[in-house]
2 protein chains.
Amino acid sequence: MGRRRPGTPTLEEVAARAGVGRGTVSRVINNAAGVKESTRRAVRRAIEELEYVPNLAARSLAGRRADAVALVVTEPDWRSFAEPFFSEIVRSLGDALSDTGMQLLLTLVRSDAERQRFLEYARGGRVDGVLLLSVRAGDRLPDMLAEARLPTVLLGRRSGEEYVSYVDADNIGGARSAVSQLLRQGRRVVATITGPLDMYAAQCRLRGYQEALTLAGLEGEQTLVAESDFTAESGRRAMAELIERHPDIDGVLAASDTTAAGALEALRAAGRRVPEDVAVIGFDDFPLAQRTTPRLSTVRQPIEEIGRAMVRLLLEEMEEGAVAWRHVILRTELVLREST
Amino acid sequence: MGRRRPGTPTLEEVAARAGVGRGTVSRVINNAAGVKESTRRAVRRAIEELEYVPNLAARSLAGRRADAVALVVTEPDWRSFAEPFFSEIVRSLGDALSDTGMQLLLTLVRSDAERQRFLEYARGGRVDGVLLLSVRAGDRLPDMLAEARLPTVLLGRRSGEEYVSYVDADNIGGARSAVSQLLRQGRRVVATITGPLDMYAAQCRLRGYQEALTLAGLEGEQTLVAESDFTAESGRRAMAELIERHPDIDGVLAASDTTAAGALEALRAAGRRVPEDVAVIGFDDFPLAQRTTPRLSTVRQPIEEIGRAMVRLLLEEMEEGAVAWRHVILRTELVLREST
DNA sequence: GTGAAAGCGCTAACAA
DNA sequence: TTGTTAGCGCTTTCAC
């Protein structure tokens with residue numbers, strides 16, 4: 001399958017044509033210093049004439065590097081794949097990576113077979129590092145990558161005891177300040193639509209919600225909590241349930257902007273006015289969702305920062321040969337808009 | 001950066017430990033025939049004990065294959081990245097590829113620099129083939145890949161004269177039958193919300209729309225056509241425009257289910273009842289959009305088939321060494337639901 | 001059925 | 001500044 005065309009010129013042929021040694025050609029294509037300008041030009045011409053393209057397998061083998069990093073999306077995250085949050089993260093990672101000269105490779109891991117295949121791919125040296133998105137609590141993939149000593153950075157911890165390098169947002173603090181704000185406004189029956197509770201981030205946001213209630217001397221009620229999976233549809237369902245159980249709800253903290261948008265729809269369908277009757281605050285902040293529901297208040301996660309930080313940690317680990325794990329927790333910011 | 005751990009065992013060490021030659025180990029890890037069962041077992045044990053993992057760069061170099069294919073998303077498609085259609089396509093491609101043992105690598109190409117980097121990556125032999133999504137009319141990437149004799153398959157033609165291998169849906173026929181159906185129902189003022197008109201697929205659908213009108217002895221009006229970019233938001237805008245221009249609209253063919261959903265919202269906002277006052281038919285068919293707007297009629301594109309066909313064409317090209325281009329046009333199906 | 005040997009095309013260290 | 005050389009770890013004949 002797919003053998004390369006035999007006629008492909010090699011570095012050696014380029015060297016012959018340019019009348020120099022292979023080492024010199026190698027230096028030129030790698031922009032290494034220490035080559036006379038005239039030689040460099042001669043080599044460049046030979047490259048053009050032969051339409052030479054370096055063989056990356058050979059380069060990897062000799063140079064022990066792949067010049068590529070993988071961004072892995074595992075099955076449970078699949079639905080978020082279609083969410084703006086996800087595409088924004090990918091965009092920001094692409095930006096952050098763009099001047100490193102490394103290829104960003106997005107890989108989907110949906111079955112155990114695919115998980116295995118990816119592991120072989122990564123351990124086989126096809127990538128220099130791995131970025132993982134919002135891994136579930138029980139996922140062992142990060143451990144296996146760490147064992148193989150592959151530089152690995154998670155977006156979001158799996159638990160409070162996460163050791164593998166990660167970048168996370170201050171979920172507890174963000175949720176707490178959002179709910180405190182609602183209470184400060186005089187809202188009294190504040191509910192929350194959580195994310196999937198097998199994600200640590202969702203647990204943290206729930207904890208922040210509860211802390212804010214406690215701080216205000218209120219008691220959290222189980223029936224004021226409903227779970228979603230970050231989609232608008234699940235937000236709609238969760239909100240409908242909550243209204244059913246507590247017709248007097250006047251404030252909501254939602255798992256994401258998308259969920260919040262769903263919640264808004266459910267509220268309107270139920271005849272509630274927003275924000276007069278009910279105030280809604282979502283989590284995350286990204287252009288697309290804002291475009292759709294511009295009046296939504298949010299706990300903003302700095303997405304550009306997340307991408308930059310993940311790439312920075314990854315590069316650091318690659319640089320030093322994975323001797324230490326690094327953790328970064330980015331602050332969130334409460335952004336209030338009309339609807340609150 | 002990212003040098004591999006020095007301690008990594010090689011095939012040679014495995015051979016030594018198992019007391020066999022390197023060739024034998026190679027045969028075992030590649031499941032080649034012609035190895036005595038007892039030898040095979042011995043080699044397997046050595047592999048386990050040493051935790052041996054094959055170096056894929058070396059394998060690529062010697063074997064002239066990458067065992068990976070790239071799925072490229074170019075900038076203008078970026079927004080569709082967040083659309084369910086896109087994730088469904090990726091899912092179906094993943095399924096179709098899953099038993100070939102090849103890695104699916106999703107790559108984003110947003111700038112010319114990234115385009116160049118990807119080209120080097122692909123021509124450098126890191127992938128055995130390339131799948132491209134809905135390429136714009138003027139995009140030269142397919143030509144460059146073809147020139148490099150890389151097996152390449154497009155989803156959607158760039159124009160009627162496309163030569164590079166592609167899988168496409170019968171857009172003209174699908175649009176025509178949808179509009180004919182509307183007219184047959186007695187709808188008289190049928191508008192269309194097109195996709196981006198620099199995409200051949202969008203042009204075809206517009207043509208099908210016009211053909212149906214002509215067939216019915218009607219004359220197409222410029223003002224009954226509005227352009228969208230496949231997003232719900234643009235559908236909303238386009239529909240609002242159309243109603244403004246033609247308050248008597250009673251039928252709409254939309255560029256996609258997502259666009260149709262946006263159109264529905266705009267219609268309802270304008271006080272129109274659907275389908276009593278206005279019937280809407282979208283293009284595409286995928287679970288997520290159907291979940292959101294279950295009552296929408298659609299011109300169904302067989303997504304599973306698309307993935308399968310693309311992978312089949314790619315494998316065929318890889319097999320024979322890219323000596324011919326192949327074209328497949330899949331039929332569409334009109335699926336009527338309540339709202340029509 | 002198995003071992004030995006000849007590359008695959010490049011980088012990097014060392015000479016010159 | 002440049003050429004030479006020794007691998008990188010695997011697949012694949014070709015003998016045995």
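Residue numbering restarts at 1 for every chain, and letters A, B, ... go by the order of the sequence lines. Just the heavy atoms: all of them, side chains too, but no hydrogens, waters or symmetry mates, feed the values below.
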Let me know the distance between [atom1] of [X] and [atom2] of [N], rounded to the nearest Å.
X	N	atom1	atom2	result
Leu61(A)	dG9(D)	CG	P	7 Å
Arg59(B)	dT11(D)	CZ	C1'	9 Å
Glu120(B)	dC10(C)	CD	C1'	15 Å
Arg27(A)	dA15(C)	CZ	C1'	11 Å
Arg126(A)	dG9(D)	CZ	P	15 Å
Tyr52(B)	dG9(D)	OH	P	10 Å
Leu11(A)	dT11(C)	CG	P	6 Å

Polar side chain donor-acceptor pair, Ser60(B) to Arg126(A), under 3.5 angstrom: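 Yes, a side-chain donor-acceptor pair sits under 3.5 Å.
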message: Is the phosphate of dT2(C) approached by Thr24(B) (side-chain N or O, under 4.0 Å from OP1 or OP2)?
response: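 No, because none of the side-chain N or O atoms of Thr24(B) sits under 4.0 Å from OP1 or OP2 of dT2(C).
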- prompt: Side chain of Val20(B): nearest nucleotide among dC8(D), dT11(D), dG3(C)?
  reply: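 Side chain of Val20(B) sits closest to dG3(C).
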Test: [X] and [Y] ion pair at under 4.0 Å:
X	Y	result
Arg158(B)	Asp168(B)	no
Glu88(B)	Arg91(B)	yes
Asp139(B)	Arg136(B)	no
Arg110(B)	Asp95(A)	yes

- prompt: Which part of the nucleic acid, if any, lies within contact of Ser26(B), taking any heavy atom under 4.0 Å across all strands shown: a base, the sugar-phosphate backbone alone, or nothing?
  reply: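 Since a base atom lies under 4.0 Å of Ser26(B), the category is base.
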message: Is it the case that dG9(D) (base atoms only) and Arg64(A) (side chain only) share a donor and an acceptor within less than 3.5 Å, ignoring hydrogens and angles?
response: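 No.
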Report each atom pair, protein N/O against N/O of nucleotides 5-7 of chain C, whose distance is under 3.5 angstrom.
{"unit_1": "dA6(C)", "atom_1": "N6", "unit_2": "Arg22(B)", "atom_2": "NH2", "d": "3.4"}

message: Please find the pair of heavy atoms, one from Thr74(A) and one from Leu141(A), that lie closest to each other, and give the distance.
response: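 Taking every non-hydrogen atom into account, CG2-CD2, 4.3 Å.
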field: Any donor-acceptor N/O pair, His327(A) side chain to Val167(A) backbone, under 3.5 Å
entry: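 No, because the side chain of His327(A) does not come within donor-acceptor range (under 3.5 Å) of the backbone of Val167(A).
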- prompt: CG/Leu108(A) to CD/Gln103(B) distance, rounded to the nearest 0.5 angstrom?
  reply: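 Atom-to-atom, Leu108(A):CG and Gln103(B):CD are 9.0 Å apart.
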Please list, one pair per line, the donor and acceptor atoms closer than 3.5 Å that link side chains of residues 307-318 of chain A to other protein atoms, with sequence neighbours excluded.
{"unit_1": "Arg308(A)", "atom_1": "NH2", "unit_2": "Glu305(A)", "atom_2": "OE2", "d": "2.9"}
{"unit_1": "Glu316(A)", "atom_1": "OE1", "unit_2": "Arg326(A)", "atom_2": "NH1", "d": "2.6"}
{"unit_1": "Glu317(A)", "atom_1": "OE1", "unit_2": "Thr152(A)", "atom_2": "N", "d": "3.4"}
{"unit_1": "Glu317(A)", "atom_1": "OE2", "unit_2": "Ser165(A)", "atom_2": "OG", "d": "2.4"}

field: Strand-adjacent residues in residues 29-49 of chain B, judged by heavy atoms under 4.0 Å from DNA chain D
entry: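 Ile29(B), Asn30(B) - these, ordered by number, are the residues of the stretch whose heavy atoms sit under 4.0 Å from the strand.
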